[in-house]
Each structure stands twice: as structure tokens, then as C-alpha cells.
Amino acid sequence: MLDVVLNSFISTIPVFVFFAIGIWLRYKKAIEPHHDGVIMQLAMDVGYPCLIFYNIMKYMVVEANPTVISPVFSLSAIACGFAELAVGTAAAWLVARCMRLRIGTGLRTFSLTAGVQNYTFFVVPIIQMLFTADNDPCMGVLFIHNMGCEIFIWSLGIILICGGAKDLRLSTFLRGPLLAVCVSLALAWSGLGKFVAVAPVMTATQMIGAVATPICLILFGCSMFDLSRSFRWQPRMLACGIITRLVLVPALILLLAWLLPVDPLIKRIMVIQSAIPSAVIPVILAKRFGGIPEVGTQVLLATTACSFISLPIWLALGNTFVVRILPC
């Protein structure tokens, strides 16, 4: 068991290295806050869609993995991604009600921030560390799974944070990463992917996509530096956020992964996702749609810092009781 925890711990180190680089760059003013928008746009609208396209094409078209290419498998992975966030947000909502939070004091913001994990850029380097074989399809499965997460965020997530569907627009839903998954799956399932996934295209998308994860993690480190200096800490909010995101929700997601009759490849992704701290996107949505970003920021920073300890433990538990994700 100790070896499993150690391997899990090592796999998370690159994430925190990038965070530290971002914090240092912001402290040295090498990356100023007004630079963030342009850099993030490069990563999210160019790099991340290329990363998605490359990995889905690689495993569903170039290597034609018989399991991953199945529409049933893809729909199951998408449904699991949606279910994880729904379960997490529902659990966080109950905790927020027990804290006697209400609309106007952080109920919606706490629910979404504590319920939604950083399902992409925190997970990518962990998968790259754990699954090093060239023919391992877990990275492709991750992006298919994350389509369910994106659907939740840009539908029920927005409805929750703004208190209704009035601000939900088609243009808000149709974002670059989600479109990249849809286009890639359509090409793979229709058979047209073999005409697109040719060597020059694959090489270019691989090279461009490689910048997305480091850039986003570094910018997250910059944001952590900014946010930690701009508000007063609330111990009760911190404690409840940590317990919800790093104790209650991981246990529920591991139970869900254990119960659901889905492919072990999907269970692998669910185990990793269960241990991940809060995402940045709920804080961004709180700023945009009238939530309380200070609440989300505290949960975000606290869970990210404490996940350095909790994440290896949950990976080890998932590896032991749900599905093997670590080398023997």
C-alpha cells in the first residue's frame, strides 16, 4: 500500500511544479495580469482543441482501438463525466445547506466550486505520468469523458450559478474544446477520420496541443498568487470546502465507479477524477453570472493546496478497491 501511495504522490508532482512556476513568474512580474487573457485564449481556443483532436484521432482512428472506437463506450464515458459533476455538486449543495448558506451568501458558488473538480489540466499530467505506454488509450478516454463534464458546466452549472436558464445561450455552450470533441467523434464514427488523421495533421496538432497543459497550469499558479492576496480567509468556509471536495465527493465518485457496469478504462478515469481538487471555471462563472467569487476562491485555493496530501491517498484507495491504475 505504501508503494501505491508513493507512486501516486510522484505522479502529482509535475502539477505542483507548474503551479510554483506560475506563482514565481507572477511574483517577478514576468507575466502581468493583463497578459492572462491572451495567453489563456491561445491555450483554450487553439492548444486545447488540438490536444483533444490529436488524442481522439490517435486512439480511435490511427490505432483504431476496438474498445474506444465504440459509440456505446464513448456515450458511457460522457455519461460518467456528467454524473460525476452532478453527484459532486449535489453533495456540495447539501453541505452548503448544512452550513446555512443561502442565495446571496455563497450557496450556489460553494456548491459548484466544491462539487466540480479540475477535470482537465490537473488530470493530464497525472495520466501522462501513470500511463506511459504508447498504445495506452487513457488520454483519449479522458477527453471523451470530459465532454460530459463540459456539458454539465455549460448547462446545469450555469443554470445553478445564475439562478435560472435566462443567461444560457447557444454561443456559451459551443466552446472550442466541446466542438473539438464533437468533430473528432463525428470523424471517427463516420469513417472520415482516416482522410483527416494523416501524418502532417497529426504532427501539427500534437505539437500545438502540447502547449495547452503547461500554459494553463502556469496561469493557474499566477491566479493563485493573485487570489491569495485579495481577500480575508474564512476558516469555516475553508474547512467545509476541504471536507466536501477532498473527502466526501471522492468517496462518492469512487463508490459510483465501483457500482457502475462500465469499462475499466472509464473506471480508471473516474478514479483519477475523484481525487482532483476544485476547478477554476466555477470561480470564473461566479464573476460573470453574479455569484460570490470570494467563496469559490477560498475553496479553490484550499483544496488545491491540501490535494498535495489527499490526492495520492485517494488514488491508492481507488487502485486497491475499484480498478488498477498504478504499476504493480
key: Residues which pass ring pair (Phe, Tyr, Trp, His ring centres under 6.0 Å) with F152, listed by chain and number, not counting sequence neighbours   =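 Ring pair (Phe, Tyr, Trp, His ring centres under 6.0 Å) list for F152, sorted by chain: F82.
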key: Criterion side chain to side chain contact (heavy atoms under 4.5 Å, CB included) against V123, the qualifying member of N118, N146, L142   =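 Passing option: L142.
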Is [X] reaching over with its side chain to a backbone N or O of [Y], donor-acceptor style, under 3.5 angstrom?
X: Y59; Y: D136; result: yes
X: N319; Y: L315; result: no
X: R236; Y: M99; result: yes
X: R26; Y: I31; result: yes
X: K267; Y: V323; result: no
X: T109; Y: G106; result: no

ask   = Using a distance-only test with no angle check, is there a side-chain donor-acceptor pair under 3.5 angstrom linking E84 and Q273?
value =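 No.
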request  = Could you verify whether a donor N or O on one side chain and an acceptor N or O on the other, from Y48 and T120, lie under 3.5 Å apart?
outcome  =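 The answer is yes; a qualifying pair exists.
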For a quick test of your reading: what N or O donor-acceptor pairs under 3.5 Å do the side chains of residues 276-286 make, sequence neighbours left out?
{"unit_1": "S278", "atom_1": "OG", "unit_2": "T113", "atom_2": "O", "d": "2.8"}
{"unit_1": "S278", "atom_1": "OG", "unit_2": "T303", "atom_2": "OG1", "d": "3.3"}

request  = Examine F18 together with F122 and report whether their ring centres are nearer than 6.0 Å.
outcome  =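 F18 vs F122: aromatic centres not under 6.0 Å.
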ask   = I56 and G140: which non-hydrogen atoms are nearest, and at how many Å?
value =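 Closest approach of I56 to G140, heavy atoms only: CG1-O, 4.3 Å.
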task = Go through C222 and Y27 one step at a time and tell me if the side chain to side chain contact (heavy atoms under 4.5 Å, CB included) criterion holds.
result = CA-CA 8 Å; C222 294; Y27 172 75; over 6 Å; no
ask   = Between D263 and R268, is there a side-chain N and carboxylate O pair less than 4.0 Å apart?
value =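 Salt bridge between D263 and R268, a charged N being under 4.0 Å from a carboxylate O: no.
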